[in-house]
Peer 1: 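Here you go, one structure.
Atoms considered below: every heavy atom in the structure, side chains included; atoms not considered: hydrogens, waters and symmetry mates. Each ligand, and each atom within it, is numbered from 1 in the order the structure gives.
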Amino acid sequence: MYKYKKKEIIINDLKKYVGNEVLFECEQFRIKYRDRMGIVGNSGIGKTTFLNMLAGLDKKFDGIIENNFNRTFFVPQFDEFPNWLGVNYIIRRAKHLSKISDIQGNFIIDQLGLNSLFQQKYGTLSGGQRKVVLVGVALLSLPDLLILDEAFNGIDDNKRRELFTFLNKWIENNKITLIFVSHNKNDLALLTNKVIKIKNKRITF
Ligand SMILES: Nc1ncnc2c1ncn2[C@@H]1O[C@H](COP(=O)(O)OP(=O)(O)OP(=O)(O)O)[C@@H](O)[C@H]1O
């Protein structure tokens with residue numbers, strides 16, 4: 001019989017090793033539906049590693065991570081597309097692969113100002129513009145869990161304000177659960193309302 005599972009991530013007795021060394025551990029935790037979770041910690045402490053584990057991209061660990069979301073989308077810290085790919089192609093393809101309606105898809109494209117980048121190759125974009133394209137691709141895929149790894153580096157203050165206003169509304173209206181790694185306290189305050197700390201090899205809440 002089909003058993004309904006709540007949209008959440010359940011973590012139990014987690015231990016992550018790098019070589020023989022424990023990188024971090026966590027006894028028990030749940031990331032619940034519609035949480036907006038910030039993750040903080042010093043450089044090299046294991047934030048990106050933890051995100052990869054939550055997204056199901058890194059399965060080498062002891063313990064349990066049960067991700068019961070239907071569509072997890074992970075926006076990585078670094079570039080994802082080859083330089084020669086056209087922005088127009090990247091965005092049209094993301095829209096095509098998704099079940100998003102034309103109205104919603106065009107709304108995202110419009111709000112993020114992606115039209116103005118359509119004629120460019122990905123490799124000719126600035127660092128900030130690349131991030132906006134990655135966020136656009138993420139939203140077009142209609143995720144129910146959105147994982148952002150320092151996704152806003154390089155975006156200027158004006159664009160950042162516009163982007164955050166739009167993102168906040170979009171996340172709220174579309175009931176998206178958010179996990180967001182950042183070193184920027186303002187960004188964390190604007191987008192999240194709970195925090196996970198990674199410190200002294202432990203994940204705490
Ligand atoms: N596959 C791997 N092999 C060896 N070491 C690894 C591997 N993956 C991660 N590490 C190490 O684990 C540590 C944590 O890396 P990670 O990128 O998760 O840190 P971070 O907290 O995201 O850092 P930053 O804030 O600088 O992005 C680093 O010391 C890294 O070198």
Side-chain angles (χ1 to χ4, degrees), residues 8-32 35-67 69 71-83 122-123 125-139 141 143 145-157 159-160 163-164 167 171 176-205:
E8 61 183 353
I9 295 181
I10 302 165
I11 295 170
N12 262 319
D13 293 328
L14 186 68
K15 212 174 234 189
K16 173 66 181 172
Y17 290 88
V18 172
N20 292 326
E21 291 271 312
V22 173
L23 185 61
F24 53 72
E25 54 191 313
C26 172
E27 275 164 22
Q28 272 196 338
F29 189 66
R30 279 172 198 246
I31 296 172
K32 297 188 184 129
D35 270 352
R36 285 170 172 236
M37 196 67 84
I39 302 186
V40 298
N42 292 340
S43 290
I45 201 85
K47 300 180 297 298
T48 298
T49 305
F50 187 44
L51 291 188
N52 275 298
M53 291 158 64
L54 294 177
L57 301 171
D58 179 349
K59 296 184 193 300
K60 288 188 198 148
F61 54 82
D62 291 352
I64 293 169
I65 295 180
E66 191 180 316
N67 179 344
F69 287 88
R71 290 180 311 280
T72 299
F73 198 105
F74 181 23
V75 178
Q77 193 173 355
F78 300 110
D79 285 340
E80 211 181 13
F81 297 110
N83 286 339
Y122 187 69
L125 300 178
S126 71
Q129 287 170 330
R130 288 173 198 217
K131 294 289 185 184
V132 176
V133 168
L134 292 180
V135 170
V137 169
L139 297 186
S141 81
L145 174 63
L146 179 60
I147 302 180
L148 303 174
D149 192 359
E150 299 189 38
F152 307 108
N153 293 352
I155 300 179
D156 68 69
D157 286 347
K159 183 77 193 168
R160 210 181 191 82
L163 182 59
F164 277 37
L167 259 180
I171 287 171
I176 295 172
T177 301
L178 178 72
I179 304 174
F180 176 34
V181 161
S182 177
H183 291 284
N184 184 319
K185 289 198 174 107
N186 286 336
D187 288 4
L188 285 162
L190 286 169
L191 278 187
T192 65
N193 53 22
K194 294 185 178 179
V195 69
I196 294 176
K197 290 182 191 149
I198 310 184
K199 199 175 173 186
N200 300 331
K201 301 185 187 257
R202 296 197 74 83
I203 297 180
T204 56
F205 310 97

Peer 1: Do the charged groups of K16 and D58 touch, with an N to O distance under 4.0 Å?
Peer 2: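 Looking at D58 together with K16, the answer is yes, because their closest N to O distance falls below 4.0 Å.
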
Peer 1: Under 4.0 Å and counting heavy atoms only, is there anything from the protein next to atom 2 (C) of ligand 1?
Peer 2: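 No, because not a single protein heavy atom sits under 4.0 Å from atom 2 (C) of ligand 1.
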
Peer 1: Between G44 and ligand 1, does any nitrogen or oxygen pair lie at a separation below 3.5 Å?
Peer 2: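 Such a contact does occur with ligand 1.
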
Peer 1: Do V18 and ligand 1 have an N or O pair less than 3.5 Å apart?
Peer 2: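 Between V18 and ligand 1, no N or O pair is found under 3.5 Å apart.
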
Peer 1: Between D58, T49, I39, I45, which one has a non-hydrogen atom sitting closest to atom 18 (O) of ligand 1?
Peer 2: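 Ranked by closest heavy atom to atom 18 (O) of ligand 1, first place is T49.
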
Peer 1: Say whether D149 and T48, considering side chains only, have a donor N or O and an acceptor N or O under 3.5 Å apart.
Peer 2: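 Yes, a side-chain donor-acceptor pair sits under 3.5 Å.
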
Peer 1: Quick one: does NZ or CZ of R130 land under 6.0 Å from the six-membered ring centre of Y122, within 45 degrees of the ring axis?
Peer 2: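 Flagged: R130 positioned over aromatic ring of Y122.
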
Peer 1: For the residue pair N67 / T72, report whether a side-chain donor-acceptor contact shorter than 3.5 Å exists.
Peer 2: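 Checked: T72/N67 side chains pair up, N/O donor to acceptor below 3.5 Å.
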
Peer 1: Which atoms from ligand 1 have a heavy atom of K47 less than 4.0 Å away?
Peer 2: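 Counting atoms of ligand 1 from 1, those under 4.0 Å from K47 are 18 (O), 19 (O), 20 (P), 21 (O), 22 (O), 23 (O), 24 (P), 25 (O).
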
Peer 1: With a cut-off of 4.0 Å, which atoms of ligand 1 are near a heavy atom of E150?
Peer 2: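 Taking each heavy atom of E150 in turn, ligand 1 has 25 (O), 27 (O) under 4.0 Å.
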
Peer 1: I need the contact type for N42 against ligand 1. Using non-hydrogen atoms and a strict under-4.0 Å cut-off, is it side chain, backbone, both or neither?
Peer 2: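 The part of N42 near ligand 1 is the backbone, not the side chain.
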
Peer 1: Should the pair F29 and F205 be assigned to parallel (<30°), tilted (30 to 60°) or perpendicular (>60°) ring geometry?
Peer 2: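 Ring orientation of F29 relative to F205: parallel.
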
